[in-house]
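Here's the structure we're looking at; comments come further down.
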Amino acid sequence: MNVPENLKFTKDHEWIRVEGDTAFIGVTDFAQGELGDIVFIEVETEGETLDREEVFGTIEAVKTVSDMFMPLSGEVLEFNEKLEDAPDLVNSDPYGDGWIIKVSVAEASELEDLLTADQYKELL
């Protein structure tokens, strides 16, 4: 199972990669494996400012639909449009082309509450 050292993680199996004052968010390799074949991703919060742990969208696999939660507070700047035609990118490349949203980081201190790669591995 792939757990990149340069990312932070949540107990709900989202990952976050910070680049300056923006962050990319997606679901972990573990999560996509548990979900199975992903067929649809819905994010209707683009342009909205959400608090940490609020639902930013849903991810639909063949057998289930799951909510996705904000790992930190911020404005949802962008939805990965590649996922409209190819939601299975989350299965094949969860930490690369399968990112789901880009957000502005409102409270950098919230990053301290997220799990490191080692802590996430222990959780699993």
Side-chain angles (χ1 to χ4, degrees):
M1 183 177 331
N2 186 9
V3 181
E5 295 292 325
N6 64 324
L7 304 178
K8 294 283 198 168
F9 301 88
T10 70
K11 292 175 181 159
D12 295 315
H13 309 289
E14 284 90 17
W15 60 263
I16 181 167
R17 181 180 72 237
V18 178
E19 296 180 3
D21 60 353
T22 61
F24 291 83
I25 296 170
V27 298
T28 65
D29 189 31
F30 173 81
Q32 70 79 23
E34 291 292 302
L35 288 166
D37 293 336
I38 295 169
V39 295
F40 186 70
I41 297 171
E42 183 172 44
V43 174
E44 293 183 348
T45 53
E46 193 170 352
E48 294 181 27
T49 299
L50 302 174
D51 291 330
R52 181 172 59 179
E53 299 181 5
E54 277 194 89
V55 173
F56 71 81
T58 57
I59 188 166
E60 183 177 340
V62 175
K63 297 180 181 176
T64 188
V65 176
S66 297
D67 288 334
M68 295 179 290
F69 301 93
M70 291 286 283
L72 61 131
S73 304
E75 180 184 352
V76 179
L77 300 173
E78 183 180 341
F79 169 66
N80 183 356
E81 292 182 5
K82 289 181 184 178
L83 300 179
E84 289 179 6
D85 295 325
D88 59 324
L89 282 172
V90 174
N91 292 119
S92 62
D93 192 12
Y95 302 116
D97 285 341
W99 64 272
I100 298 173
I101 58 171
K102 185 163 63 170
V103 302
S104 65
V105 178
E107 297 289 332
S109 62
E110 290 179 349
L111 291 167
E112 297 167 15
D113 297 330
L114 298 173
L115 303 174
T116 65
D118 287 338
Q119 290 169 324
Y120 183 67
K121 287 178 196 172
E122 285 179 31
L123 175 74
L124 298 177

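Panel note: side chain Gln32, backbone Asp29; a donor-acceptor pair is recorded below 3.5 Å. Put simply, the side chain of Ser104 gets close to the backbone of Glu75: a donor and an acceptor are under 3.5 Å apart. Of the possible polar contacts, none joining the Glu14 side chain to the Ile25 backbone as a donor-acceptor pair under 3.5 Å is found.
Results of the side chain to side chain contact (heavy atoms under 4.5 Å, CB included) test with Asp88 over Val90, Asn91, Asp85 single out Asn91 as the only residue that passes.
To the nearest 0.5 Å, the span separating CD on Glu110 from CD on Glu112 amounts to 10.0 Å. A distance of 7.5 Å separates CD1 in Ile59 from OG in Ser66, rounded to the nearest 0.5 Å. Once rounded to the nearest 0.5 Å, the distance linking CD of Glu78 with CD1 of Ile100 reads 13.0 Å.
Of all non-hydrogen atoms in Asp93 and Asp97, the two that sit nearest each other are OD2-N, 2.9 Å. Scanning all heavy atoms of the two residues, the minimum distance from Ala117 to Pro4 falls at CB-O, 3.6 Å. Between Gly74 and Ala106, the shortest heavy-atom contact is CA-CB, 4.0 Å. When all heavy atoms are compared, the tightest approach of Gln119 to Thr116 is OE1-N, 2.8 Å. Between Ile101 and Met70, the closest heavy-atom pair is CD1-SD, 4.0 Å. Here the closest heavy-atom approach between residue Pro87 and residue Val39 is recorded as CG-O, 3.2 Å.
Grouping Ile, Leu, Val, Met, Phe, Trp and Tyr by side-chain contacts under 4.5 Å, direct or through others, puts Leu124 with Met1, Val3, Leu7, Phe9, Trp15, Phe24, Phe30, Tyr95, Trp99, Leu115, Tyr120, Leu123.
Phe56 and Val18 fall within the same hydrophobic cluster, defined by Ile, Leu, Val, Met, Phe, Trp and Tyr side-chain heavy atoms under 4.5 Å apart, directly or through other members. If you chain together hydrophobic residues whose side chains sit under 4.5 Å apart, Val103 and Phe69 never meet in one group.
Surrounding CD of Glu81 are at most 12 heavy atoms belonging to other residues, nucleotides or ligands under 6.0 Å away. Counting non-hydrogen atoms of other residues, nucleotides and ligands closer than 6.0 Å to NZ of Lys11 gives a total of 12 or fewer.
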Inset, instruction - Might you work through the side-chain contact (heavy atoms from CB on, under 4.5 Å) test for Asp118 and Glu5, ending with a clear yes or no? - result: CA-CA 8 Å; Asp118 287 338; Glu5 295 292 325; 3.9 Å; yes
Inset, instruction - Could you walk me through whether Ile16 and Leu111 pass the side-chain contact (heavy atoms from CB on, under 4.5 Å) test, one step at a time? - result: CA-CA 9 Å; Ile16 181 167; Leu111 291 167; 4.2 Å; yes
Inset, instruction - Could you give me the CA-CA distance, side-chain angles and deciding distance for His13 and Val27, then say whether side-chain contact (heavy atoms from CB on, under 4.5 Å) is met? - result: CA-CA 6 Å; His13 309 289; Val27 298; 5.9 Å; no
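Pairs engaging residues 43-70 under the salt bridge (charged side-chain N to carboxylate O under 4.0 Å, His left out) rule: Arg52-Asp113 [sequence neighbours left out].
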